[in-house]
Participant: 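I have a structure here, written as structure tokens, and I will follow up with some questions on it.
Both ligands and their constituent atoms are indexed starting at 1 by order of listing.
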Amino acid sequence: MPNTCVVGVQWGDEGKGKIVDLLAEDYDFVVRYQGGCNAGHTVVIGDEEFILHLVPSGVLHPGVVCVIGNGVVVDPVVLLEEIEALKKRGLAVGDNLKVSDRAHMVLPYHKMLDAASERKKGDKKIGSTLRGIAPCYADKMARMGIRITDLYSPDSLRERLEENIEEKNRLLSEIYDAEPLNANDIYETYIECAEKLRPFVTDTILLINEAVRAGKSLLFEGAQGSLLDVDFGTYNYITSSNATASGVSTGSGLPPMKLDGVLGVAKAYTTRVGEGPFPTELSDEIGERLRERGREYGATTGRPRRTGWFDAVACRFTTMINGCETIALTKLDVLDMEPNIKICVAYEKDGESFENFPASLEVLSNAKPVYEELPGWQEKTSGTTKFQELPQKAKDYLDFLKKALDTEISFISIGRERNQVIRL
Ligand code: GDP
Ligand code: IMO
Ligand code: MG
């Protein structure tokens, strides 16, 4: 499909990076449209591992143009470090990377406010990545954000920084009991970034629309997951952007009618990092086993990920809102040795059954999952190259998921490495 969006349909870390890298060779552009360096997208090629935070996962393909769209919140310091680290590893990062002049910038006070707010919330904290994401998007909506383009108008940059920092310092000291910031120091740091970023900064909206007109193909790389989407996720335990395919247009300037398809990415089980409801969470030795076999530790923060069975109630909802006709199922190999595998098909609370994903945090937090149980295949799948070679019980599991979600499955990932995938 010419213009496709790859989107996580769970709580993030579904393996989007691997799938984007896999598809990127058939696309001219790979575009990030939301989120920021809270994302950690892993690509494994041979024994080399790349974890990408802001740079799109198409960067491992030399001919692909990588775009950081206007909907992304960019921490210039982090972006420059990421570019340097990639260059050091021998990757070409130059003309193949474009950064939107309209993207909002994460500033030091966003990170401080993120941390201060989490501290103040105590046991009600969100478990954010502390990358300043929520305060940055809040400023964007409050019309006090500072964009990449502002780096190139130094006088107004200084003025806006001073205005903002005066307000943020009051917040930091009076509400959060934190140290105030110095506007001049921040100005100096960002002006330094401005020059280093200049070669990458451009009008990416025009670039994308010209590409569409020229018949080029674009792959959109969602960050986070649909259940963390600010509108559709488990509010308020969410991130602050539209992680669903709905964010593509506002986050990149692609006209809505020009998106041709959406590929959902789901793990064969579920994980979540940070706080918030997780109906199928396993706090027992099975959960521990999934975490160890799946190496479920955050790619950005290193935190252990919470683990649980596949939640078909949640994924039916997210494949519906994304319009996924097909999905990529990752990490099937992690289930290889399980004797029995459960899939949540409904929730139950106080005698009431929920087959549709409920809005209420109260319901989600107290719902008991209703499971269907399938026998495990207890065979290694990671060396499989063809669907036919999969154990029958693994095929039965995939079949069950397809029916439960009413989608097709077009990729089955059975290992971390780029080549460990079955294409259907
Ligand atoms: P993303 O944020 O959606 O890109 O996913 P992450 O990179 O945060 O987490 C996915 C993790 O699972 C990474 O460590 C990947 O290398 C790994 N991974 C991806 N696909 C598979 C798979 O099929 N099997 C196994 N065992 N690991 C996988
Ligand atoms: P990728 O793109 C998993 C989670 C955080 C926290 C919540 C809010 O790698 O799938 P934030 O820092 O965004 O304000 O945190 O969202 N979160 C992620 N969880 N994968 C991610 O990204 C995430 N990005 C944010 O753990 O619960
Ligand atoms: Mg990740």
Participant: Pull out every atom of ligand 1 sitting under 4.0 Å from any heavy atom of His41, numbered as shown with elements.
Facilitator: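 Counting from 1, the qualifying ligand atoms are 1 (P), 2 (O), 4 (O), 7 (O).
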Participant: Under a 4.0 Å heavy-atom limit, does Thr301 contact ligand 2 with its side chain, its backbone, both, or neither?
Facilitator: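 Under 4.0 Å from ligand 2, Thr301 contributes no heavy atoms.
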Participant: How about Leu390 and Trp377: do any of their side-chain heavy atoms sit closer than 4.5 Å?
Facilitator: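 Side chain of Leu390 against side chain of Trp377, heavy atoms only: no contact under 4.5 Å found.
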Participant: Would you check if the Mg ion (ligand 3) lies under 2.8 Å from any N, O or S atom of Ala39?
Facilitator: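 Within the cut-off used here (under 2.8 Å), Ala39 places no N, O or S atom near the Mg ion (ligand 3).
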Participant: Is it the case that ligand 2 has an N or O less than 3.5 angstrom from some N or O of Gly12?
Facilitator: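 No - when backbone and side-chain N and O of Gly12 are compared with those of ligand 2, no distance drops under 3.5 Å.
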Participant: In this structure, which one of Cys66, Ser57, Pro56 forms a side-chain contact (heavy atoms from CB on, under 4.5 Å) with Arg32?
Facilitator: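 Going through Cys66, Ser57, Pro56 one by one, the side-chain contact (heavy atoms from CB on, under 4.5 Å) with Arg32 is satisfied by Pro56 alone.
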Participant: For atom 22 (C) of ligand 1, what is the closest protein heavy atom, and at what distance to 0.1 Å?
Facilitator: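 Heavy-atom neighbour on the protein nearest atom 22 (C) of ligand 1: Gly415 O, 3.0 Å.
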Participant: Is there any N or O on Glu14 that sits under 3.5 Å from an N or O of ligand 1?
Facilitator: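 N/O-N/O distance below 3.5 Å exists for this pair.
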Participant: Of all the non-hydrogen atoms in the protein, which one sits nearest to atom 15 (C) of ligand 1, and at what distance?
Facilitator: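 Its nearest protein heavy-atom neighbour is Thr42 CB, 3.9 Å.
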Participant: Against heavy atoms of Gly127, which atoms of ligand 2 measure under 4.0 Å?
Facilitator: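 Ligand 2 atoms under the 4.0 Å threshold to Gly127: 5 (C), 6 (C), 26 (O), 27 (O).
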Participant: Within a distance under 4.0 Å of any heavy atom of Ala223, pick out the atoms of ligand 2 and give their elements.
Facilitator: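 Reading through ligand 2 atom by atom, the close ones are 2 (O).
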Participant: For ligand 1, which atoms sit closer than 4.0 Å to a heavy atom of Gly17?
Facilitator: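 The list of qualifying atoms is 4 (O).
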Participant: Thr307 and Thr271: side-chain donor and acceptor closer than 3.5 Å?
Facilitator: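 Absent: no donor and acceptor within the cut-off.
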Participant: Return yes or no for this condition: an N or O of Leu332 is under 3.5 Å from an N or O of ligand 1.
Facilitator: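 Between Leu332 and ligand 1, no N or O pair is found under 3.5 Å apart.
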Participant: Are any of the heavy atoms in Ala299 under 4.0 Å away from ligand 2?
Facilitator: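 Ala299 does not count as a contact of ligand 2 under the 4.0 Å cut-off.
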Participant: First locate atom OG1 of Thr270, then atom CG of Asp311, and finally report the distance between them rounded to the nearest 0.5 Å.
Facilitator: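 Between atom OG1 of Thr270 and atom CG of Asp311 there are 5.5 Å.
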Participant: Backbone or side chain, does any N or O of Gly12 fall under 3.5 Å from an N or O of ligand 1?
Facilitator: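 No - when backbone and side-chain N and O of Gly12 are compared with those of ligand 1, no distance drops under 3.5 Å.
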Participant: Quick test: of every protein heavy atom, which one is nearest to atom 10 (C) of ligand 1, and how far off is it to 0.1 Å?
Facilitator: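 Sorting protein heavy atoms by distance from atom 10 (C) of ligand 1 puts Asp13 O, 3.7 Å first.
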Participant: If you measure every N/O of Glu275 against every N/O of ligand 2, is any gap under 3.5 Å?
Facilitator: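 So ligand 2 has no N or O lying under 3.5 Å from an N or O of Glu275.
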Participant: Can you list the atoms of ligand 2 that are under 4.0 Å from a heavy atom of Leu228?
Facilitator: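 Heavy-atom distances to Leu228 below 4.0 Å select 4 (C), 16 (O), 17 (N), 18 (C), 19 (N).
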Participant: Under 4.0 Å from a heavy atom of Gly274: give me the atoms of ligand 2 that qualify, with their elements.
Facilitator: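 Counting atoms of ligand 2 from 1, those under 4.0 Å from Gly274 are 27 (O).
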Participant: For ligand 2, indicate whether the residue Arg303 contacts it via side chain, backbone, both or neither (heavy-atom separation under 4.0 Å).
Facilitator: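 Answer for Arg303: side chain.
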Participant: For ligand 1, is any non-hydrogen atom under 4.0 Å from Arg305's backbone (N, CA, C, O), its side chain (CB onward), both, or neither?
Facilitator: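 The answer is the side chain.
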Participant: Distance under 4.0 Å to a non-hydrogen atom of Ser413: what atoms of ligand 1 satisfy this?
Facilitator: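 Matching atoms, with element in brackets: 20 (N), 21 (C), 22 (C), 23 (O).
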Participant: Atoms of ligand 1 less than 4.0 Å from Ile414 heavy atoms?
Facilitator: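 Near Ile414, meaning under 4.0 Å from one of its heavy atoms, ligand 1 has 23 (O).
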Participant: Would you call Arg305-Asp13 a salt bridge at under 4.0 Å N-O?
Facilitator: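 Yes, Arg305 and Asp13 are salt-bridged.
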Participant: Under 4.0 Å from any heavy atom of Trp11, which atoms of ligand 2 are there?
Facilitator: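 Answer, ordered by atom number: 3 (C), 19 (N).
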Participant: Is there a heavy atom of Ile238 sitting under 4.0 angstrom from any atom of ligand 2?
Facilitator: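 So Ile238 counts as touching ligand 2.
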Participant: How are the rings of Phe278 and Trp11 set relative to one another: parallel (under 30°), tilted (30 to 60°) or perpendicular (over 60°)?
Facilitator: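 Phe278 vs Trp11 ring planes: tilted.
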Participant: Does a donor on one side chain sit under 3.5 Å from an acceptor on the other, for Tyr33 and Thr250?
Facilitator: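 Note: Tyr33 and Thr250 side chains miss the donor-acceptor criterion.
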Participant: Under 3.5 Å between some N or O of ligand 2 and some N or O of Ile133?
Facilitator: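 The answer is no, given that Ile133 and ligand 2 share no N or O pair closer than 3.5 Å.
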Participant: For ligand 2, which atoms have a heavy atom of Ile126 less than 4.0 angstrom away?
Facilitator: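 This gives 8 (C), 27 (O) as the contact atoms.
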Participant: Is it the side chain (CB and beyond), the backbone, both or neither of Lys16 that lies under 4.0 Å from ligand 2, heavy atoms counted?
Facilitator: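 It is the side chain that gets close, since no backbone atom is under 4.0 Å.
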Participant: Do Gln378 and Asp336 meet the criterion of a side-chain donor-acceptor pair at a distance under 3.5 Å?
Facilitator: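 Judged by distance alone, the side chains do not pair up.
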Participant: Considering Arg416, Lys331, Arg293, which one's heavy-atom position lies nearest to atom 16 (O) of ligand 1?
Facilitator: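 Of the listed residues, Arg416 has the closest heavy atom.
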Participant: Geometry only, no angles: is Lys267 polar-contacting ligand 1 at N/O separations under 3.5 Å?
Facilitator: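 No.
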Participant: Determine, step by step, whether Tyr237 and Arg272 satisfy the side chain to side chain contact (heavy atoms under 4.5 Å, CB included) criterion, reporting the C-alpha distance in whole Å, the side-chain angles of both residues, the deciding distance to 0.1 Å, and the verdict.
Facilitator: CA-CA 11 Å; Tyr237 292 92; Arg272 172 162 206 171; 3.5 Å; yes
Participant: Please write down residue, atom name and distance for the protein heavy atom closest to atom 20 (N) of ligand 2.
Facilitator: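 Checking every protein heavy atom, the shortest distance to atom 20 (N) of ligand 2 gives Asp13 OD1, 3.1 Å.
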Participant: Going by distance only, is there an N or O of Glu14 that falls short of 3.5 Å from an N or O of ligand 2?
Facilitator: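 No: no nitrogen or oxygen of Glu14 is under 3.5 Å from one in ligand 2.
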Participant: Are any of the N or O atoms of Val334 closer than 3.5 Å to those of ligand 1?
Facilitator: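 No, Val334 has no N/O under 3.5 Å of an N/O on ligand 1.
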Participant: Using the six-membered ring of Tyr269, assess whether NZ or CZ of Lys331 lies under 6.0 Å from its centre and within 45 degrees of the ring axis.
Facilitator: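 Relative to the ring axis of Tyr269, which defines the angle, Lys331 lies outside at least one limit.
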Participant: Of all the atoms in ligand 1, which lie at a distance below 4.0 Å from a heavy atom belonging to Gly40?
Facilitator: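 This gives 1 (P), 2 (O), 4 (O), 6 (P), 7 (O), 8 (O) as the contact atoms.
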Participant: So, does Arg305 sit close enough to ligand 2 that a heavy atom of it is under 4.0 Å from the ligand?
Facilitator: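 Flag not set, Arg305 not near ligand 2.
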Participant: Counting from 1, what ligand 2 atoms have a heavy atom of His41 closer than 4.0 Å?
Facilitator: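 Contacts of ligand 2 toward His41, numbered from 1: 1 (P), 2 (O), 9 (O).
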Participant: Looking at Phe50, is Arg89 sitting on its ring face, NZ or CZ under 6.0 Å from the six-membered ring centre and within 45 degrees of the normal?
Facilitator: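 The answer is yes; both the distance and angle limits are met.
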Participant: Within the 4.0 Å heavy-atom shell around Thr239, which atoms of ligand 2 are there?
Facilitator: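 Listed by number with element: 11 (P), 13 (O).
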